[in-house]
Structure formats: structure tokens, C-alpha cells
Amino acid sequence: QVQLVESGGGLVQAGGSLRLSCAASGRTFSSYVMGWFRQAPGKEREFVSRVTRTGGTTYYADFVKGRFTISRDNAKNTVYLQMNDLKPEDTAVYYCAADLGVVGTTQIVDYDAWGQGTQVTVSS
């Protein structure tokens with residue numbers, strides 16, 4: 001099993017940027033599709049983005065397309081989420097997750113391991 005630790009969250013003004021990182025340890029990182037999810041207060045956890053094992057293909061939820069970029073560095077066992085043009089509605093706890101599937105999915109139940117989350121707060 002892989003262990004995941006997120007970092008990089010914080011407080012930022014609307015229009016600002018943050019870069020989240022998720023460091024993995026344990027089982028071979030490159031075996032996993034990696035995803036980012038988020039959960040706002042009082043709301044269900046939702047899919048944000050995912051990247052395939054080699055980093056060759058990425059997927060995004062419509063509400064972050066053009067603003068967020070997911071990437072991974074398999075040599076560093078790390079996946080990133082670059083978030084630009086942040087909006088107050090992006091405020092949430094952001095989680096990274098690992099999926100042993102081939103291309104990954106948007107479904108929470110398909111992910112095999114989760115980090116503890118990192119808080120992102122965007123002020124207006």
C-alpha cells in the first residue's frame with residue numbers, strides 16, 4: 001500500500017495561485033494513477049483531476065479546466081496540483097489519492113489510498 005502526504009495548502013486571495021504537492025511512499029508510485037479531490041464544508045467530496053501512471057494523460061473536472069494543472073514526477077514520487085486564478089468557491093480540503101487502475105476514474109470508491117488532506121482557503 002502507498003502512503004500519501006499532501007502539502008502546500010494555505011490562505012490566498014481570489015485570483016492568486018497555490019501549488020499543492022503529494023508525496024508518496026511505500027509501494028511503487030509509478031504503479032498508480034494519481035488523483036486530486038476536494039471537499040468543501042457541508043458538501044460531498046468531489047473529483048478535481050487525475051493523471052495517468054506516466055503522466056502522459058490528464059483529466060479535469062469542468063470547474064477547474066484552464067485554471068488547474070496536474071503533473072507528476074515519478075523520480076520524486078510526487079504529484080502536484082498547480083492552481084491558478086483561484087476563486088472563493090475553490091475553498092476546500094484537497095486530498096490526493098492513488099488508484100491501481102489503468103486510467104483511473106472520477107469515482108472515490110475506485111481509489112485505493114488517500115492522504116490526510118490540505119486546507120485551501122480563498123478569500124474574496
Side-chain angles (χ1 to χ4, degrees):
Q1 187 78 320
V2 67
Q3 290 78 47
L4 305 172
V5 179
E6 302 96 334
S7 61
L11 174 64
V12 64
Q13 289 187 332
S17 299
L18 283 174
R19 188 194 197 201
L20 305 184
S21 299
C22 173
S25 61
R27 188 168 174 167
T28 305
F29 178 68
S30 58
S31 300
Y32 292 89
V33 171
M34 296 301 297
W36 286 96
F37 290 74
R38 70 185 188 185
Q39 188 166 17
K43 295 188 177 181
E44 295 186 350
R45 193 170 299 189
E46 62 183 355
F47 170 79
V48 175
S49 182
R50 73 181 188 272
V51 59
T52 52
R53 296 169 181 173
T54 62
T57 305
T58 57
Y59 304 86
Y60 297 93
D62 287 343
F63 53 78
V64 301
K65 281 182 180 177
R67 300 189 298 125
F68 291 10
T69 303
I70 191 171
S71 61
R72 68 189 295 162
D73 185 339
N74 286 346
K76 295 183 178 180
N77 290 350
T78 302
V79 61
Y80 305 97
L81 186 68
Q82 177 67 44
M83 306 187 295
N84 298 329
D85 190 23
L86 283 161
K87 306 176 186 299
E89 52 264 42
D90 294 319
T91 295
V93 177
Y94 284 71
Y95 298 89
C96 71
D99 176 8
L100 280 171
V102 176
V103 293
T105 77
T106 63
Q107 303 302 308
I108 293 170
V109 296
D110 292 328
Y111 286 77
D112 304 288
W114 293 81
Q116 83 290 346
T118 186
Q119 177 70 48
V120 171
T121 303
V122 184
S123 63
S124 57

Ring center gap for W114 and F37 short of 6.0 angstrom
yes
Which pair of heavy atoms, one from A24 and one from V2, lies closest together, and at what distance?
CB-CG2, 3.7 Å
Would a distance-only check, ignoring hydrogens and angles, find a side-chain to backbone donor-acceptor pair under 3.5 Å from E6 to C22?
no
Any donor-acceptor N/O pair, R19 side chain to Q82 backbone, under 3.5 Å:
no
Applying the 4.5 Å side-chain criterion to the ILVMFWY set and letting contacts propagate, would F68 and L11 be lumped into a single cluster?
no
If hydrophobic clusters are built by linking Ile, Leu, Val, Met, Phe, Trp and Tyr wherever their side-chain heavy atoms come under 4.5 Å apart, do L86 and Y95 end up in the same one?
no
Looking at every heavy atom in both K76 and Y80, which two are closest together, and how far apart are they?
CD-OH, 4.1 Å
Assigning hydrophobic clusters by single linkage (Ile, Leu, Val, Met, Phe, Trp, Tyr; side-chain heavy-atom cutoff under 4.5 Å), is V5 placed with L81?
no
So which pairs with a foot in residues 103-119 pass salt bridge (Lys or Arg N to Asp or Glu O under 4.0 Å), sequence neighbours left out?
none
Which residues satisfy the side-chain hydrogen bond (donor to acceptor under 3.5 Å, both in side chains) test with R38, sequence neighbours excluded?
E46, D90, Y94
Quick one: closest heavy-atom pair of E44 and Q39, and the distance?
C-CG, 4.1 Å
So, taking the atom named CG in L100 and the one named OG in S31, what distance separates them when rounded to the nearest 0.5 Å?
6.5 Å
Heavy-atom nearest pair, S17 first then N84, reads OG-OD1, 2.9 Å
Non-hydrogen side-chain atoms of T106 and Y59 separated by less than 4.5 Å
no
With sequence neighbours excluded, residues passing side-chain hydrogen bond (donor to acceptor under 3.5 Å, both in side chains) with S7:
none
Look at the side chain of S124 and the backbone N and O of P88, then say whether any donor-acceptor pair between them is shorter than 3.5 Å.
no
Co-membership, hydrophobic cluster, residues F47 and V93, 4.5 Å side-chain
yes
Taking a hydrophobic cluster as the set of Ile, Leu, Val, Met, Phe, Trp and Tyr residues connected by side-chain heavy atoms closer than 4.5 Å, whether directly or through intermediates, do Y60 and V48 fall within one such cluster?
yes
Drop me the distance from R50's CZ to T105's OG1, to the nearest 0.5 angstrom.
6.5 Å
Contact check, side chains of T54 and R72, non-hydrogen atoms, under 4.5 Å
no
Closest non-hydrogen atom pair, L4 against A98:
CD1-N, 3.8 Å
dist M34:CE -> T78:OG1 (nearest 0.5 Å) comes out at 9.0 Å
Has Q13 got more than 12 heavy atoms of other residues, nucleotides or ligands less than 6.0 Å from its CD?
no
Minimum heavy-atom distance between V33 and Y111, given as atom pair plus value
O-CE2, 4.5 Å
Nearest 0.5 Å, what's the OG1-CD distance between T118 and Q116?
7.0 Å
Are the side chains of D99 and Y32 in contact, using a 4.5 Å heavy-atom criterion?
no
Determine whether M83 and L20 make a side-chain contact, defined as any pair of heavy atoms from C-beta on separated by less than 4.5 Å.
yes
